[in-house]
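Just so it is clear, the values below take in all heavy atoms, side chains as well, and ignore hydrogens, waters and symmetry mates. A, B, ... follow the sequence lines: proteins, then strands. Residue 1 opens every chain.
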Amino acid sequence: MNNQENFLREKLNDYYSTIFEERLIDEIVKVGHFETIKSNKLMIDIGEEMTHIPLILSGIVKIIRKENEKELVLYFLEKGDTVALSFANCINRKRSIFKGVVEQDMEAVFIPVNLIDNWLVNYNSWRTYIIDSYHFRLIEMVESIDSLAFMKMNERLFKYLNDKVKITKDINLEITHQEIADDLNSSRVVITRLLKQLHDEGKIYSTRNKVRVLDF
DNA sequence: ACATTAAGTGATT
DNA sequence: AATCACTTAATGT
């Protein structure tokens, strides 16, 4: 057993070792490679081939859908999450349908996709993990659809802020109106006005580059 | 002090 | 709810 493997084993210890069986951890340690990606770096873009999937150890990744230069944030990934790579994708073509941007410095163990299929049949804990993660992503997608279809911009904005607080575990968000507008595929002016409204309602407190969520 | 970037606002669609 | 056009405020150099 070499240093590299021990290092990975150590990294997996605080989260994944509790959900994966030992034999699987041994495999991951053998084939995975550890990587850190800095905030604001592009992890994956739409159309890019997926050669590896990440098991996220820390940090946050923002998952975005893009259509002719317009973008919409769907959800965030954090520790314990992975990109829900479809089974069909594993077998056939494996190009990403999402864009993933690192939101907070991320650490992850990357697993080559060609192993995923095999692990699905060989490791119970892997199967459970992938299916659960699938299920969870589906729910988040439905939430996205709901908010697009049924919610007004002010409600979407408030949900967005709440989601951010939940994922960053901090009610103080460092963000500009423009960035929020981009994430929601809205315009800066609209966000400014709605934020002021929320501010006046006492739900948030906002100053330049900052939003503090008071009511969540 | 000046330039740049972020935020606020009225009017219009 | 979006866009335009402009103002005002905050911040970096």
Side-chain angles (χ1 to χ4, degrees), chain A residues 35-48 54 56-79 81 83-84 86 95-108 134-216:
Chain A
E35 217 173 293
T36 72
I37 306 181
K38 288 283 175 199
S39 185
N40 292 320
K41 288 269 180 271
L42 182 66
M43 187 179 81
I44 183 95
D45 206 350
I46 294 171
E48 264 180 55
I56 299 176
L57 300 165
S58 69
I60 298 172
V61 182
K62 186 158 77 174
I63 300 300
I64 300 161
R65 194 82 250 266
K66 182 172 69 177
E67 188 66 45
N68 44 46
E69 298 314 298
K70 305 206 170 211
E71 299 195 337
L72 175 73
V73 169
L74 296 174
Y75 48 77
F76 298 93
L77 299 178
E78 59 182 329
K79 176 171 81 173
D81 290 335
V83 293
S86 81
R95 294 190 180 279
S96 177
I97 54 173
F98 300 121
K99 177 177 170 185
V101 176
V102 175
E103 176 94 350
Q104 261 178 30
D105 295 1
M106 181 198 72
E107 297 181 304
Y134 238 91
H135 180 65
F136 205 68
R137 282 326 128 212
L138 177 63
I139 288 174
E140 291 194 294
M141 292 287 284
V142 169
E143 267 189 44
S144 292
I145 293 173
D146 282 350
S147 74
L148 280 171
F150 307 127
M151 290 164 73
K152 292 181 178 166
M153 200 63 229
N154 61 346
E155 298 171 302
R156 286 180 58 205
L157 172 60
F158 196 58
K159 178 182 184 322
Y160 170 86
L161 294 173
N162 272 299
D163 287 350
K164 273 227 126 164
V165 165
K166 223 173 286 171
I167 201 101
T168 59
K169 297 174 183 67
D170 189 351
I171 62 166
N172 297 295
L173 306 173
E174 280 263 332
I175 196 163
T176 67
H177 299 183
Q178 185 63 61
E179 287 166 342
I180 297 173
D182 291 344
D183 282 359
L184 294 175
N185 185 28
S186 178
S187 72
R188 201 272 307 162
V189 193
V190 169
I191 296 303
T192 296
R193 289 191 168 124
L194 293 173
L195 280 174
K196 200 155 81 80
Q197 210 175 286
L198 287 171
H199 184 103
D200 292 343
E201 289 169 15
K203 292 181 175 172
I204 64 165
Y205 178 80
S206 79
T207 52
R208 184 188 238 243
N209 290 321
K210 286 189 184 86
V211 177
R212 174 179 303 168
V213 181
L214 303 171
D215 172 22
F216 52 95

Check: Which listed nucleotide (C/dA1, B/dA6, B/dG8) is nearest to the side chain of A/M153?
Finding: C/dA1
Notebook entry, point to check: Out of C/dA2, B/dT9, C/dT11, which nucleotide sits closest to the side chain of A/R188?
Noted result: B/dT9
Next item on the list: Please examine the side chains of A/K62 and A/E71, heavy atoms only from C-beta on, and report whether any two atoms are closer than 4.5 Å.
Entry: no
Checklist line | Under 4.0 angstrom between A/H177 side-chain N/O and B/dT5 OP1 or OP2 | finding: no
Check: In whole Å, what is the span from the CD1 atom of A/I180 to the P atom of B/dA7?
Finding: 8 Å
Check: If we ignore angles and hydrogens, is there a donor and acceptor under 3.5 Å between the side chains of A/S96 and A/E48?
Finding: no
Item checked: Selection from B/dA7, C/dC4, C/dA2 that lies nearest to any side-chain heavy atom of A/N209 -> B/dA7
Next item on the list: Write down the distance between CD (A/Q178) and C1' (C/dA9), rounded to a whole number of angstrom.
Entry: 17 Å
Check: Heavy atoms, side chains only, cut-off 4.5 Å: are A/I204 and A/H199 in contact?
Finding: yes
Next item on the list: Give a yes/no on whether any side-chain N or O of A/S186 is located under 4.0 angstrom from OP1 or OP2 of C/dA2.
Entry: yes
Item checked: Length of the line joining A/E174:CD and B/dA7:P, which is rounded to integer Å -> 11 Å
Checklist line | Gap between atoms NZ and C1', on A/K152 and C/dA2 respectively (whole Å) | finding: 16 Å
Check: Which whole-number value in Å describes the distance from A/R193 CZ to C/dT7 P?
Finding: 16 Å
Item checked: Nearest-Å distance for atom pair CD1/C1', residues A/I191 and B/dT9 -> 16 Å
Check: Relative to the 5' end of DNA chain C, which residue comes earlier, A/N185 or A/K210, by the nucleotide with the nearest heavy atom?
Finding: A/N185
Next item on the list: In plain terms, say whether A/K38 and A/D105 are close enough for a salt bridge, that is, a side-chain N and a carboxylate O under 4.0 Å apart.
Entry: yes
Checklist line | Atom pair distance, as rounded to whole Å: CG in A/L184 and P in C/dA1 | finding: 11 Å
Checklist line | Base B/dT5 paired with A/R208 side chain (donor-acceptor, <3.5 Å) | finding: yes
Note to self: Once you apply a heavy-atom cut-off of 4.0 Å, does A/T176 come out as touching a base, just sugar-phosphate, or nothing?
What the structure shows: sugar-phosphate
Check: How are the rings of A/Y160 and A/F76 set relative to one another: parallel (under 30°), tilted (30 to 60°) or perpendicular (over 60°)?
Finding: tilted
Next item on the list: Provide, to the nearest angstrom, the distance between the CG atom belonging to A/L198 and the P atom belonging to B/dG8.
Entry: 13 Å
